[in-house]
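Labels below follow one simple rule: chain letters A, B, ... track the order of the sequence lines, proteins then strands, and each chain is numbered from 1.
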Amino acid sequence: MLEKNYDFATAEPRIAKLWDEADAFAAGSGAKPDADPFTIVIPPPNVTGSLHMGHALNNTLQDIMVRFERMRGKNVLWQPGMDHAGIATQMVVERQLAEKGQHRRELGREKFVEKIWEWKEQSGGVIFNQLKRLGASCDWSRERFTMDEGLSKAVLEVFVSLYKEGLIYRGKRLVNWDPKFETAISDLEVENTEVDGHMWHFKYPLADGKTYEYVEKDADGKVTLRETRDYISIATTRPETMLGDGAVAVHPDDERYASIVGELCEIPVGPKEHRRLIPIITDDYPDPDFGSGAVKITGAHDFNDYMVAKRNNIPCYRLMDIKAAMRDDGAPYAENAAQAMAIIKSGQLPDENTVDAINLVPDEYRGLDRFEARNRIVADINADGLAVTIKDDEGNEVPFVENKKIMQPFGDRSHVVIEPMLTDQWFADAETLAKPAIASVREGRTNFVPKTWENTYFHWMENIQPWCISRQLWWGHRIPAWYGPDGTTFVEKSEGDAQGAAERYYGKSVELTRDPDVLDTWFSSALWPFSTLGWPDKTKELDTYYQTDVLVTGLDIIFFWVARMMMMGLHFMKDADGNPVEPFHTVYVHALVRDKHGAKMSKSKGNVIDPLELMDEYGTDALRFTLAIMAAQGRDVKLDTARIAGYRNFGTKLWNATRFAEMNGVVRGTGFDPESAKLTVNRWILTELSRAVDDITFAIEKFRFNDAASSAYRFVWNQTCDWYLELLKPIFSGEDEAAKKEAQACAGYVLDQTYKLLHPFMPFMTEELWADTIEGERPSLLCHADWPEAVFFDREANDEINWLISLVSEIRSVRAEMNIKPGLKLPMVVIGASEQTVARLATHDAAIKTLARIETIDVGAEVPKASAQLVLGETTIYLPLEGLIDLGAEVARLGKEQGALDKEIKQLSGKLANERFVANAPAEVVQENRDRLANAEAKRHKITAALERMG
RNA sequence: GGGCGUAUAGCUCAGCGGGAGAGCGCCUCGUUGACAUCGAGGAGGUCACAAGUUCAAUCCUUGUUACGCCCACCA
């Protein structure tokens, strides 16, 4: 016998062990012979990660599909694994070192990386156990790690091939620099946030005291300002970058400055005797209507300026070090400034490295933090009288500083301000790699669900920038590039190969230095769908399970991961004919999980809901079911724990339904043949079951998990529990042994099928029920049982039971409205019943009496005087209530019903009187409206008669 | 600035070119041997606003308003 309550806390680990011992989720486990494969690769969680709501949703949805397909007999592989998560992991171990007062540099690279591996072995991957608790049916024996030997081999293969194809290159470029982690990051890892900032306005004096006439005009060309100036006005939000200015740019059509283009002006900062001069140039970039229309060009610290500088051969002077402090290297400022002046004079731009060696930070600012330097520079310029001024409220001239919202870039992990920095980095030619990936979606070989995400995908892919793949970290795949004594680069799969290549190049053996950088973590993640299957080796797994089927992900990593997997997959994976093969045919993008008010969960807001706590409180199945039923496409999931409690109750309901069955001798595993069912109530529930099977199957196939869960919920609670089991009660307590036997077999069958239908959503409880409801053993675990198929649709049984349900519901409704005591059994008189109704009343006599609390049923007897009356089809039913009933209340009740019918009749007849409706609407719609009108009129007629009878 | 999305019951959300739905909450009643993590009944909505298309619009189109998200180099 089942316990009175389901104890998920003990059941879940027990069931998990059962699956584990049976190897139930090994690739292909439970598959039919020659079954089609079904593959999902898990989005690899970070090795540092622990389960959050996003994971819970993501993996619940994958598990639903995987369990569903496994039960359908497919050859299923759900490939698990973890990501080495470069920055995140290095950060964790660095923090541990810091606690002991150590820094990784003291330890050295090799030792530090060893420490990380140690950490990984001891504390990494806790998320796997959490995923197992969630019920994730991955093939855990195939666990992979992006830093594994095998996957590292794939990384090498890809890097070297792309390099040799010219799709990976190295160069000095302006990149996003994270001063906290001291590494370049990709533009995706930068979050632009609006912050309060200032815009300062400064005067750049013209060289040699030159002046010009500055004229401003309004839209009509009327002069609004005319004055003689000896400076050009520049606005900036980042005064510290002025030190590295290479030019001032104005728009070529800007008449205000036309007369001074080509002149030199002076950067108003630094020691007076060495103030640098820079040229005034023209470029299309400055917007004449913004600010003064003149822009200072600091090529090494701003992405726009960088492009202007490149176009105009303006030198890019780097001002900061890797910590984003002002440079403190090289010769004193005076020498460097002189060198910069020499460049201006000569008009010859030296090579990048020469320019990069020039440190234009004045001695007094060297080594300062960039923000401190900013304050000092502003103060110095103000003191010098070179700020543009305006009059304040009291009429004093004060420096012109605007308070302004500015977009500032922050590192998504470090949360410090990102600095555009000119450094040597490795890049992948994303534009070339993106082309086939764009075409694949365009041509429908890869499909996004919901489709609307394709727009986002196209927008990004079509504007893709070179992907900076090098990171100045120690944890990760080290870039397989070696440099010869003269800087020649050798990219090979091993140091030996590089040595060989170098020897051939130089004609002798030389000492090589390896590039210290590692690859962006997403570089290895991009190979996940094939590297986990053994590529570059030709493995059986690769052959069987690639292409994978569905990639399930949150929208936040479409760019980071999905797009890059598509680029890499299409580039490296080919079919027998050499055609590219997509890594997956479908990308299912699920929503973000938010708190119940719709706010993004974050630690700082303190609104994070921990899925592990929810599993502790409500059980895993309740959490999973909730996530599934709320996962409507294209919408965020707002999670309210009240919902989880509700779906835990749903589980309890199923548990109790099973207990009811047990108490009434319901038998399982008998090989019950649905076709043999004779009782209407059985044929009805089998019809409803068939409908549920079709609905749920279709919904999961279409990724409509919320529809699937809703269908299951309705079938179990509103059909099986509310009506089917209730209707069986009189049979179980009755005398008809044949009927009882059929009911016991059918109910057993229905419950067994129900467990199967619910298993993808609630795997633990259903597996438990599957095992506990049979003497001996089931032929297989539920997770390997055959997915149900529809048996039949019996229209007549359906009509009959729906009639019965209406009858009982209406009687209950009248009783409640008339305040009849629940325990009181009433007689019932039926007038105007058809032959069919009479037969139905006989069939369901016991059910009606039990469920509607009816004492006797008299067909065609004399109409009782004081009765409540209800109309059901052609029949009028009287509940004699002499002495019990408030006649006024009954008249009011009938009147209300009549009013509702009047309204409906008016609406319908109006519609049908409209010739254009009758002429244009489909015949079936017209007919349907006619039927409804006829029904309403018939019913109204009877209600009217009933009212008349009330006097 | 561009793109996308959302506005339906008190709350959280489904739905859909032809009769407004669910869960929770609320009200009334109920300890009938599966279940109070329950049962029965009930109240509650101009489907954001405006115009258009259509025989017919909550649904399609356009506009408006509000909110949310993503992308973006205005110094």
Looking at the side chain of [X], which of [options] is the nearest nucleotide?
X         : options                   : answer
Phe290(A) : rC38(B), rG18(B), rA75(B) : rA75(B)
Asn192(A) : rC55(B), rA75(B), rC73(B) : rC73(B)
Val295(A) : rA75(B), rC55(B), rU12(B) : rA75(B)
Asn920(A) : rG18(B), rA34(B), rC55(B) : rC55(B)
Lys4(A)   : rA36(B), rA72(B), rU12(B) : rA36(B)
Phe917(A) : rG18(B), rC74(B), rU37(B) : rG18(B)
Pro822(A) : rC29(B), rG39(B), rA75(B) : rC29(B)
Ile406(A) : rA14(B), rA75(B), rC55(B) : rA75(B)
Met407(A) : rG18(B), rA72(B), rA34(B) : rA72(B)

Just wondering, are more than 12 heavy atoms of other shown residues or ligands nearer than 6.0 Å to CD in Glu191(A)?
-> yes

How many whole angstroms separate atom [atom1] of [X] from atom [atom2] of [N]?
X         : N       : atom1 : atom2 : value
Lys903(A) : rU46(B) : NZ    : C1'   : 11 Å
Tyr647(A) : rA14(B) : OH    : C1'   : 10 Å
Asp722(A) : rG39(B) : CG    : P     : 6 Å
Trp655(A) : rC38(B) : CH2   : P     : 17 Å
Leu654(A) : rA34(B) : CG    : C1'   : 11 Å
Tyr618(A) : rC24(B) : OH    : C1'   : 12 Å
Phe8(A)   : rU37(B) : CZ    : C1'   : 11 Å
His459(A) : rC69(B) : NE2   : P     : 18 Å

Quantified in whole Å, what is the [atom1] atom distance between nucleotide [N] and nucleotide [M]?
N       : M       : atom1 : result
rA20(B) : rA9(B)  : C1'   : 10 Å
rG3(B)  : rU64(B) : P     : 13 Å
rC74(B) : rA57(B) : P     : 46 Å
rA48(B) : rC59(B) : C1'   : 15 Å
rG5(B)  : rC60(B) : P     : 12 Å
rG19(B) : rU28(B) : C1'   : 29 Å
rC24(B) : rC70(B) : P     : 33 Å
rG2(B)  : rC13(B) : P     : 29 Å

Charged N to carboxylate O below 4.0 Å: is that the case for [X] and [Y]?
X         : Y         : value
Glu617(A) : Arg648(A) : no
Arg940(A) : Glu937(A) : no
Glu855(A) : Lys825(A) : no

Do Phe764(A) and Phe8(A) have ring centroids that are under 6.0 Å from one another?
-> no

How about Tyr647(A) and Phe761(A): are their ring centres within less than 6.0 Å of each other?
-> no

Would you check if there is a donor-acceptor pair between the side chains of Asp283(A) and His251(A) at a distance under 3.5 Å?
-> no

Please check if any side-chain donor atom of Tyr755(A) sits under 3.5 Å from a side-chain acceptor atom of Thr773(A), or the reverse.
-> no

Upstream residue (5' side of RNA chain B) when Val190(A) and Asn5(A) are each assigned their closest nucleotide | Asn5(A)

Looking at every strand, decide which applies to [X] at a 4.0 Å heavy-atom threshold: base, sugar-phosphate, or nothing.
X         : result
Trp717(A) : sugar-phosphate
Tyr285(A) : base
Gly293(A) : base
Arg659(A) : sugar-phosphate
Phe303(A) : nothing
Ala657(A) : base
Asn914(A) : sugar-phosphate

Stepwise side chain to side chain donor-acceptor pair (under 3.5 Å) check, Asn656(A) with Arg659(A) = CA-CA 5 Å; Asn656(A) 282 310; Arg659(A) 289 181 64 229; 3.2 Å; yes

Give the ring-plane orientation class for Phe559(A) versus Trp460(A), where under 30° counts as parallel, over 60° as perpendicular and anything between as tilted.
-> parallel

Tell me, which of residues 232-242 of chain A have any heavy atom that sits under 4.0 Å from an atom in RNA chain B?
-> Ala235(A), Thr236(A)

No-H, no-angle donor-acceptor pair, Glu726(A) side chain to rA34(B) base, under 3.5 Å = yes

Is the shortest side-chain N/O distance from [X] to OP1 or OP2 of [N] below 4.0 Å?
X         : N       : result
Asn649(A) : rC38(B) : yes
Lys729(A) : rA34(B) : yes
Lys404(A) : rA75(B) : yes
Arg643(A) : rC24(B) : no

Minimum-distance pair of heavy atoms, taken over all atoms of Ile629(A) and Asn706(A) | O-CB, 3.2 Å

Minimum-distance pair of heavy atoms, taken over all atoms of Val195(A) and Gln408(A) | CG2-OE1, 3.3 Å

Is there side-chain contact between Leu614(A) and Met53(A), with at least one heavy-atom pair below 4.5 Å?
-> yes

Taking the side chain as every heavy atom from C-beta outward, state whether Phe698(A) and Arg704(A) have any pair of such atoms under 4.5 Å apart.
-> no

List the steps, then state whether side chain to side chain donor-acceptor pair (under 3.5 Å) holds for Ser813(A) with Glu810(A).
-> CA-CA 5 Å; Ser813(A) 178; Glu810(A) 297 243 2; over 6 Å; no

Nucleotide N/O of nucleotides 41-43 of chain B paired with protein N/O under 3.5 Å:
from: rG41(B); atom 1: O3'; to: Ser813(A); atom 2: OG; distance (Å): 3.4
from: rG42(B); atom 1: OP1; to: Ser813(A); atom 2: OG; distance (Å): 3.0

Pairing pattern in dot-bracket form [Watson-Crick, G-U; both distances under 3.5 Å; | = partner strand] for RNA chain B = (((((((..((((....[..)))).(((((.......))))).....(((((..]....))))))))))))....

